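Structure first, commentary second.
On a predicted model such as this, the values are computed, not experimentally measured, just so you know.
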Amino acid sequence: QVLLVESGGKLVQTGGSLRLSCAGSGRALRYFRMGWFRQAPGKEREFVALISVNGGTTIYSDSVKGRFAISRDNDNNVVGLQMNSLKAEDTAVYYCAADETYGLSRNIKGYHYWGQGTQVTVSS
């Protein structure tokens, strides 16, 4: 069993930056592929970014590519999401997800463990 807890979400102005963190407990995250997803009001949950087990591969959605960066610190059991040049359309609840299946996945169904989410609001 893996418990994931996100933190760092808050109200920020357009063009600003924010860093989200996902802390894992129960098992070492070094064995899991990790992803960030988000869900805006009235919309389905969507893929944002993922990082491979060893951190060597990262993939981003087109909407955040070049602005967001996912990272992992396996020694401290933490996964981060650095968000820059934030836009109003980035407003959503951001979720951290983990799965120990081999390979990579942008699909919600590709992740077994989920955090409770952290709210990011971008306001002009």
- Task: Treating Ile, Leu, Val, Met, Phe, Trp and Tyr as nodes and any side-chain heavy-atom pair under 4.5 angstrom as an edge, say whether Leu86 and Tyr95 lie in one connected cluster.
- Result: no

- Message: How close do Ala40 and Ala92 get, counting heavy atoms only, and between which atoms?
- Response: N-CB, 3.8 Å

- Query: What are the two closest non-hydrogen atoms of Leu4 and Gly24, and how far apart are they?
  - Reply: CD2-CA, 4.2 Å

- May I ask you to test the Leu29-Val2 pair for a side-chain heavy-atom distance under 4.5 Å? yes

- Query: How would you list, by chain and number, every residue that makes a ring-ring contact (aromatic ring centres under 6.0 Å, His included) with Phe37, sequence neighbours excluded?
  - Reply: Phe47, Tyr111, Trp114

- Query: With sequence neighbours left out, what residues match Ala28 under side chain to side chain contact (heavy atoms under 4.5 Å, CB included)?
  - Reply: Arg30, Tyr31, Asn77

- Task: Identify, with sequence neighbours excluded, every residue that meets side chain to side chain contact (heavy atoms under 4.5 Å, CB included) alongside Ser123.
- Result: Leu11

- Task: Flag the pair Ile70 / Arg72 as yes when at least one side-chain heavy-atom distance between them is below 4.5 Å, and no otherwise.
- Result: no

- Message: Using the rule given for side-chain contact (heavy atoms from CB on, under 4.5 Å), can you reason through Leu81 versus Val48, listing the C-alpha separation, both sets of side-chain angles and the distance that settles it, and then say yes or no?
- Response: CA-CA 10 Å; Leu81 184 68; Val48 174; 4.3 Å; yes

- Message: Would a single hydrophobic cluster contain both Leu50 and Leu20, if residues Ile, Leu, Val, Met, Phe, Trp and Tyr are joined by side-chain heavy-atom contacts under 4.5 Å?
- Response: no

- Is there a path of hydrophobic side-chain contacts, each under 4.5 Å between heavy atoms of I, L, V, M, F, W or Y residues, that connects Met83 with Val12? yes

- Ser71 side chain near Gln82 side chain, heavy-atom distance below 4.5 Å: no

- Which residue pairs pass the side chain to side chain donor-acceptor pair (under 3.5 Å) test with at least one member in residues 56-67, sequence neighbours excluded? Arg38-Ser63, Ser61-Ser63, Asp62-Lys65, Arg67-Asp90

- Same hydrophobic cluster for Ile59 and Ile108, using side-chain heavy-atom links shorter than 4.5 Å among ILVMFWY? yes

- Message: Per the salt bridge (charged side-chain N to carboxylate O under 4.0 Å, His left out) rule, what does the pair list look like for residues 3-29, sequence neighbours excluded?
- Response: Arg27-Glu100

- Item | Heavy-atom closest pair, residues Met34 and Cys22 | CE-SG, 4.3 Å

- Would you call Ser52 and Leu104 a side-chain contact if the rule is heavy atoms closer than 4.5 Å? yes

- Contacts of Phe68 that satisfy ring-ring contact (aromatic ring centres under 6.0 Å, His included) - sequence neighbours left out: none

- Query: Got a donor-acceptor contact below 3.5 angstrom from the Thr91 side chain to the Val122 backbone?
  - Reply: yes

- Asp99 side chain to Arg33 main-chain N or O, any donor-acceptor pair under 3.5 Å? no

- Query: Do other residues, nucleotides or ligands put more than 12 heavy atoms under 6.0 Å from the CD atom of Glu89?
  - Reply: yes

- For Gly110 and Ser105, which heavy atoms make the closest approach, and how far apart are they? CA-OG, 3.7 Å

